[in-house]
Amino acid sequence: MKRYDLLTPEGTRDQLFDECIAKRTIQEKLRKIFTAYGYSEVITPGLEFYEVFNGKVHYFPSETMYKLVDGKNRLMVLRPDNTMPIARLAATRLRAEKLPLKLYCNQSIFMVNPKNSGRDDEFTQVDIEILGGESKAADYEALSLAAQSLFAVDEDFRLEIGESGIFRTVVDDLNLPEEKAELIHTLIENKNYPALNEALEGISCSAAEAVKALPSLFGESEVFEAAEKYMYSKELRTKLNTLRETYDALCSMGYSGKIKVDLGLAHKKDYYTGILFRGYVEGYGLPVLSGGRYDTLLGDFGRNSTAVGFAVNVEAAAKVLLKSVHEPLTKPVDVLVFSMSGCETLGLAHCAELIGEGLTVFNSLSATEEEAAEYAKQHGIRRMDVVGANSAVTVKEV
Amino acid sequence: MKNKTIRIALTKGRLENKTVDLLDKIGYDVSELRDKGRRLILNIPGEDIEVVLAKAADVITYVEHGVCDIGVVGKDTIMEHGGKFFEISDLGFGRCKFALAGKKGNNFYEGYGIKTIATKYPEVTRAFFENKGMDIDIVKIEGSVELAPLVGLADAIVDIVETGTTLKENGLEVWEDVAPISARLIVNTVSMKLKQQRIAEIVKQIEENL
């Protein structure tokens with residue numbers, strides 16, 4: 001029989017030393033940004049009822065969620081997302097709180113990835129969510145924080161914005177049966193130009209022209225001019241103009257050259273209703289940050305409020321950070337403290353003293369001084385303090 | 001890999017030759033690609049392009065993970081493996097189709113018994129019959145699928161059909177087309193944004209020389 005007691009499940013792993021440091025570094029950088037802007041942390045349970053994620057609209061395909069049952073045989077899931085629990089929270093324990101609310105959370109999420117895909121089934125995500133508030137101001141704040149978060153991961157980042165309202169309106173105007181509309185969404189999302197042209201064959205109207213053009217409308221400011229001729233209604237023109245204003249606002253905030261736009265940014269099934277954004281850094285094949293405006297999600301839980309937010313994939317960011325540094329992140333401690341036999345408590349007291357001076361110590365557990373010196377050498381510890389009777393300390397260079 | 005090098009993954013075999021011809025036509029120096037020996041990573045001299053040769057399904061994996069920016073792979077593999085990438089161009093070559101086939105003269109949809117389908121492409125088969133709302137049993141076969149209905153393992157097969165000669169010689173016939181197939185150009189979603197200009201240039205060159 002296979003020894004499962006020695007394995008971690010596929011998609012999960014033990015993280016050691018440098019990996020932990022990289023991950024904590026990212027989390028700490030992000031936490032600093034968010035707390036500086038007055039965001040309050042919340043922690044939601046890792047286990048939630050299935051219905052939280054599978055309520056009015058099924059944003060999460062059932063097969064991508066880890067499920068189990070509680071003591072009463074009710075179906076539970078390991079949280080596949082941080083936004084929906086926060087929407088639930090806003091409608092329940094926070095219902096009396098005045099809006100706007102600025103929240104952040106830093107916790108693991110779980111999803112079932114296809115077998116052998118090499119993707120993490122468990123990973124940490126840092127999210128911010130702005131509930132309520134004036135939409136434009138909230139969008140700008142979220143985008144500014146997204147840019148700062150990406151900067152913390154890699155200075156050479158790209159932040160891309162899009163507007164889910166544009167493709168939704170255009171696809172709705174085609175008046176297609178639901179199945180076909182879903183197919184069109186997928187094809188736009190995958191920039192599958194040939195299939196998109198095929199799917200729209202025989203339909204000639206301005207909406208069809210716009211749908212065909214959307215996935216290729218990505219890049220920088222030139223996109224807005226190229227897109228104008230496809231915006232056939234006042235509503236669409238307004239949406240495009242708002243996006244352009246947002247783009248210019250971000251450039252004026254000092255991110256010029258790092259901001260991109262993609263009018264084909266779309267998800268087949270998601271809760272976004274307005275602006276969408278994604279963050280990219282070199283060295284990771286998927287976006288490290290994604291978010292957007294979701295004005296109807298809180299309503300699904302019984303509290304009508306606008307909202308905008310984003311999530312940073314901490315594991316991805318940590319991987320990028322680890323690739324960019326060339327020396328180990330784990331630093332040796334400053335002093336190895338070896339206590340002679342019978343002087344163990346004196347040794348510990350000496351450790352505390354050194355720590356009080358701002359040094360880091362490793363209290364040696366070796367039997368002999370030679371063994372302790374050997375350990376120090378192996379671990380790159382440069383100084384060894386030998387503590388003897390009456391707290392006599394001999395300082396030695398290793 | 002240098003930061004801005006574009007790495008292209010090619011499907012080994014039939015599609016590889018056609019893709020190399022295409023790169024040749026564009027005007028790239030493909031001498032290394034034609035005379036590759038056992039090397040797996042090849043250079044196009046004078047260009048910021050590196051070519052990787054891989055099995056079809058691996059092309060998708062490499063592109064999905066972003067270690068290759070662009071891939072050339074058959075629609076059959078895309079349909080079977082899925083994945084997250086941009087599928088931006090139909091290259092038009094490697095054309096064939098997925099088809100449902102069985103013993104000549106039999107009626108597949110007859111009777112209420114659950115049908116058994118033998119195939120190398122269980123996902124394609126599952127999706128096809130799911131759309132029909134039909135329960136079936138799928139048997140995965142690794143080699144010549146045509147054998148399965150002949151020896152009585154399956155009622156039908158779902159397989160790639162090019163000319164139909166193998167089917168005919170074994171007394172089988174195509175009952176229904178499942179989907180057309182041809183080579184596709186796929187691009188990693190992040191590369192598309194971070195290396196937009198260079199990728200757009202290469203894609204344009206490729207499309208102009210089809």
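Residue numbers begin at 1 in each chain, while the letters A, B, ... track the order of the sequences.
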Q: Could you give me the CA-CA distance, side-chain angles and deciding distance for B:K55 and B:K12, then say whether side-chain contact (heavy atoms from CB on, under 4.5 Å) is met?
A: CA-CA 6 Å; B:K55 256 185 101 161; B:K12 273 194 217 166; 5.6 Å; no

Q | Side-chain donor/acceptor of B:D69 to backbone N/O of B:R7, under 3.5 Å | A | yes

Q: Would you please say whether a donor-acceptor pair under 3.5 Å links the side chains of A:D121 and A:Y66?
A: yes

(Q) For A:E315 and A:I26: C-alpha separation, side-chain torsions, deciding distance, then whether side-chain contact (heavy atoms from CB on, under 4.5 Å) applies. (A) CA-CA 9 Å; A:E315 254 78 18; A:I26 298 286; over 6 Å; no

Q: Could you check which of B:T61, B:I186, B:I88 has the highest count of heavy-atom pairs closer than 4.5 Å to chain A?
A: B:I88

Q | Options B:D90, B:V187, B:T189, B:V63, ranked by heavy-atom pairs under 4.5 Å with chain A, top entry | A | B:D90

**Q.** B:Q197 versus chain A, the contacting section by heavy-atom distance below 4.5 Å
**A.** neither

